[in-house]
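These figures come from a predicted structure and were not determined experimentally.
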Amino acid sequence: MFTIQKIKDNFHLSKTFSFNENKGSYTETLTEEFSDFGGFCDIYIEEFNNEILQNQVDVFNNFLQNFKNYLPQINSYIFSNLTAFEKDTDNELIFDVVFVPQNNSKYDLVLICGKKIKFLFLDRRITLRIEFKNGLVKTIKRTNNSTEDNN
């Protein structure tokens, strides 16, 4: 389980500055927790004035404890949105990024994940942006730009 202090001590603080805000993210790459899903996952916990909130830590810990419960829903979405060619390949789900925003009204956690599709010499990537709210999957979207919110 992570705590605010453990995140501040073990994650790296990356700052972004704008005219009205002093914010950034505490970042780290986790390997052990996601060893079956690509081997590693980059974690970004948004901060404002070097502070993260307890509810962000709670959301993140809840996701770490329960993310395998979301796999049937994620895999079902992927399978229902694959082309016939893509369905013929059997590749594992890969977690890329977990983002925990601060005070976002639409979602409280975002998972960027996907599958690599290999056929002969062709490699293709399917990317999903999954937005969570209150411990539930709110939206899943197959996307070419995972930085844009799902609608």
Side-chain angles (χ1 to χ4, degrees), residues 1-4 6-14 16 23-48 52-151:
M1 300 277 303
F2 286 91
T3 63
I4 291 173
K6 187 174 179 182
I7 290 169
K8 285 184 172 187
D9 290 346
N10 297 313
F11 285 40
H12 307 283
L13 181 58
S14 300
T16 56
K23 67 179 186 175
S25 294
Y26 282 93
T27 64
E28 186 57 79
T29 301
L30 299 182
T31 55
E32 185 177 321
E33 294 84 345
F34 301 105
S35 60
D36 294 338
F37 302 93
F40 65 91
C41 184
D42 293 331
I43 311 300
Y44 296 86
I45 301 176
E46 190 175 52
E47 61 81 28
F48 181 75
I52 55 178
L53 305 175
Q54 184 59 49
N55 70 329
Q56 290 176 279
V57 176
D58 295 342
V59 164
F60 180 58
N61 283 328
N62 182 54
F63 177 78
L64 286 177
Q65 290 178 324
N66 298 305
F67 73 86
K68 291 183 180 180
N69 297 336
Y70 304 116
L71 296 179
Q73 185 177 1
I74 294 168
N75 283 318
S76 174
Y77 177 88
I78 290 172
F79 188 76
S80 67
N81 287 281
L82 294 179
T83 65
F85 165 75
E86 293 166 340
K87 288 180 182 177
D88 286 339
T89 62
D90 185 29
N91 293 297
E92 67 184 35
L93 185 63
I94 299 169
F95 286 11
D96 295 311
V97 173
V98 171
F99 171 65
V100 184
Q102 193 172 100
N103 297 323
N104 186 304
S105 61
K106 293 182 187 177
Y107 50 81
D108 51 26
L109 186 136
V110 174
L111 169 65
I112 307 299
C113 63
K115 286 192 173 218
K116 288 184 183 176
I117 304 297
K118 294 182 181 185
F119 181 75
L120 298 175
F121 300 106
L122 177 65
D123 284 348
R124 187 170 165 195
R125 173 75 185 207
I126 297 170
T127 301
L128 299 176
R129 179 185 170 101
I130 305 167
E131 297 174 350
F132 296 82
K133 185 72 173 178
N134 300 322
L136 300 172
V137 173
K138 183 178 176 192
T139 62
I140 302 176
K141 183 179 178 184
R142 183 173 175 169
T143 182
N144 291 325
N145 184 355
S146 61
T147 62
E148 291 181 355
D149 289 358
N150 297 348
N151 292 330

Set of side-chain hydrogen bond (donor to acceptor under 3.5 Å, both in side chains) partners for [X], sequence neighbours left out:
X      : answer
Asn75  : none
Thr139 : Glu131, Asn150
Lys141 : none

For Lys138, check salt bridge (charged side-chain N to carboxylate O under 4.0 Å, His left out) against everything at least two apart and list the hits.
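For Lys138, no residue satisfies salt bridge (charged side-chain N to carboxylate O under 4.0 Å, His left out) once neighbours in sequence are set aside.
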Could you pull out all residues at least two apart from Asn145 that satisfy side-chain contact (heavy atoms from CB on, under 4.5 Å)?
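For Asn145 the side-chain contact (heavy atoms from CB on, under 4.5 Å) partners, ignoring immediate neighbours, are Thr143, Thr147, Glu148.
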For Tyr77, give me all partners under side-chain contact (heavy atoms from CB on, under 4.5 Å), at least two apart in sequence or on another chain.
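Applying side-chain contact (heavy atoms from CB on, under 4.5 Å) to Tyr77 gives Asn81, Leu128, Ile140, Arg142.
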Please report the interatomic distance [atom1]([X]) to [atom2]([Y]), rounded to the nearest 0.5 Å.
X     : Y     : atom1 : atom2 : value
Asp42 : Glu28 : CG    : CD    : 9.0 Å
Ile43 : Phe99 : CD1   : CZ    : 12.0 Å
Ile52 : Ile7  : CD1   : CD1   : 4.0 Å
Ile74 : Leu93 : CD1   : CG    : 6.0 Å

Between Tyr26 and Leu13, does the side chain to side chain contact (heavy atoms under 4.5 Å, CB included) criterion hold? Intermediate values first, please.
CA-CA 4 Å; Tyr26 282 93; Leu13 181 58; 3.8 Å; yes
Which atom pairs, donor and acceptor, lie under 3.5 Å between side-chain atoms of residues 56-73 and protein residues at least two apart or in another chain?
residue : atom : partner : partner atom : Å
Gln56   : OE1  : Leu53   : N            : 2.7
Gln56   : OE1  : Gln102  : NE2          : 3.1
Gln56   : NE2  : Glu46   : O            : 2.8
Gln56   : NE2  : Val100  : O            : 3.3
Gln56   : NE2  : Pro101  : O            : 3.2
Asp58   : OD1  : Gln54   : NE2          : 2.8
Asn61   : OD1  : Phe2    : N            : 2.9
Asn61   : ND2  : Phe2    : O            : 2.8
Asn61   : ND2  : Val57   : O            : 3.3
Asn62   : OD1  : Asn66   : ND2          : 2.6
Asn66   : ND2  : Asn62   : O            : 3.0
Tyr70   : OH   : Gly135  : O            : 2.7

Return a table of donor-acceptor pairs under 3.5 angstrom between the side chains of residues 32-41 and protein atoms on other chains or two or more places apart.
none

Side chains of residues 103-112: which donor-acceptor partners sit under 3.5 Å, not counting sequence neighbours?
residue : atom : partner : partner atom : Å
Asn104  : OD1  : Lys106  : N            : 2.7
Asn104  : OD1  : Tyr107  : N            : 3.2
Lys106  : NZ   : Asp149  : OD2          : 3.4
Tyr107  : OH   : Arg129  : NH2          : 3.1
Tyr107  : OH   : Asp149  : OD1          : 2.8
Asp108  : OD2  : Asn134  : N            : 2.9

